[in-house]
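Scroll down for the structure; my scribbles are underneath it.
Computation of the quantities below employed the complete heavy-atom set of this structure, encompassing side-chain atoms and omitting hydrogens, waters and symmetry-equivalent molecules. We name chains A, B, ... by the order of the sequence lines, and we start the count at 1 in each one.
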Amino acid sequence: MAYWLIKSEPDAWSWEQQVARGAKGEPWSGVRNFQARANMNAMKKGERAFFYHSNIGKEIVGIVEIIREAYQDPSDETGKWTCVDVKAVEPFKTPAPLADIKLDPKLKDMVLAKNSRLSVQPVSVEEWKYLCKLGGVKP
DNA sequence: GCCAACGTTGGC
DNA sequence: GCCAACGTTGGC
């Protein structure tokens with residue numbers, strides 16, 4: 001069981017929109033980065049990911065679940081890129097801001113803090129549990 | 001809105 | 001296969 005973190009600019013696709021999709025979920029399409037694609041391809045159905053708002057908010061706002069494993073991105077004409085489907089599971093009672101993550105000794109080594117440009121990242125089990133506690137949700 | 005950091009592209 | 005140039009991302 002692996003854990004992940006996916007980023008979106010709320011202008012383009014927000015947590016609120018994700019929640020509004022309900023159990024149907026939404027394709028996480030438009031990723032055009034090799035590292036991010038490799039991470040998506042490694043995702044298994046039922047695994048979970050943090051939902052992070054970049055640019056506006058800059059905080060982890062909730063948890064999503066992978067409901068469909070990697071398949072060809074419908075928004076890609078070349079056929080090279082893949083996407084997964086995710087559905088909202090639970091919002092953070094207290095969003096976890098990037099500024100706090102960078103200051104926290106337990107979290108400062110997160111990919112999010114070190115390579116903020118990678119849009120799909122792995123999260124360690126320790127980081128996952130700790131952030132769930134900060135967010136006020138069950139791991 | 002600016003700029004640093006990173007990833008990708010293309011010429012050699 | 002290297003590396004300079006370019007484009008994009010995202011924090012500030």
What is the separation between atom [atom1] on [X] and atom [atom2] on [N], rounded to the nearest whole Å?
X      : N      : atom1 : atom2 : result
A/I101 : C/dG11 : CD1   : P     : 11 Å
A/N33  : B/dA5  : CG    : C1'   : 14 Å
A/W13  : C/dG10 : CH2   : C1'   : 21 Å
A/K114 : B/dG7  : NZ    : C1'   : 19 Å
A/I56  : C/dC12 : CD1   : P     : 15 Å
A/K7   : B/dC6  : NZ    : P     : 12 Å
A/H53  : C/dG11 : NE2   : P     : 12 Å
A/L5   : C/dG10 : CG    : C1'   : 14 Å

Look at the side-chain N and O atoms of [X] and state whether any lies under 4.0 Å from the OP1 or OP2 oxygen of [N].
X      : N      : result
A/K58  : C/dG10 : no
A/K102 : C/dC12 : yes
A/Y52  : C/dT9  : no

Requested in this report: Go through the steps to decide whether A/V64 and A/W4 satisfy the test side-chain contact (heavy atoms from CB on, under 4.5 Å), and finish with yes or no.
Outcome: CA-CA 9 Å; A/V64 294; A/W4 311 94; over 6 Å; no
Query raised in the report: Tell me the salt bridge (Lys or Arg N to Asp or Glu O under 4.0 Å) pairs involving residues 91-100 of chain A, sequence neighbours left out?
Result: none
Report task. Can you tell me which residue pairs pass the salt bridge (Lys or Arg N to Asp or Glu O under 4.0 Å) test with a partner in residues 112-135 of chain A, sequence neighbours excluded? Result ->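 Every pair satisfying salt bridge (Lys or Arg N to Asp or Glu O under 4.0 Å) with a residue in residues 112-135 of chain A: A/D109-A/K114.
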Query raised in the report: Reckon A/L98 touches a base, only the sugar-phosphate, or nothing at all at heavy-atom distances under 4.0 Å?
Result: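 Sugar-phosphate only.
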Requested in this report: Name the closest nucleotide to the A/N55 side chain, picking from C/dC12, B/dT8, C/dG10.
Outcome: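 Nearest to the side chain of A/N55 among the choices is C/dG10.
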Query - A/S54 side chain, from C-beta outward: closest of B/dG7, B/dT8, C/dG10 - result: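 It is C/dG10.
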Query raised in the report: ring pair (Phe, Tyr, Trp, His ring centres under 6.0 Å): which pairs involve residues 53-75 of chain A, sequence neighbours left out?
Result: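 Residue pairs passing ring pair (Phe, Tyr, Trp, His ring centres under 6.0 Å), neighbours aside: A/F51-A/H53.
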Query - All pairs passing ring pair (Phe, Tyr, Trp, His ring centres under 6.0 Å) where residues 91-110 of chain A contributes a residue, at least two apart - result: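 Listed by first then second residue: A/F50-A/F92.
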Query raised in the report: Minimum heavy-atom separation for A/E9 to A/S54, with atom names?
Result: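 The pair with the smallest heavy-atom distance is CG-OG, 3.3 Å.
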Review item, nucleotides 1-4 of chain B N/O atoms under 3.5 Å of protein N/O:
none

Report summary line: With sequence neighbours left out, the residues meeting ring-ring contact (aromatic ring centres under 6.0 Å, His included) with A/F34 are A/W81
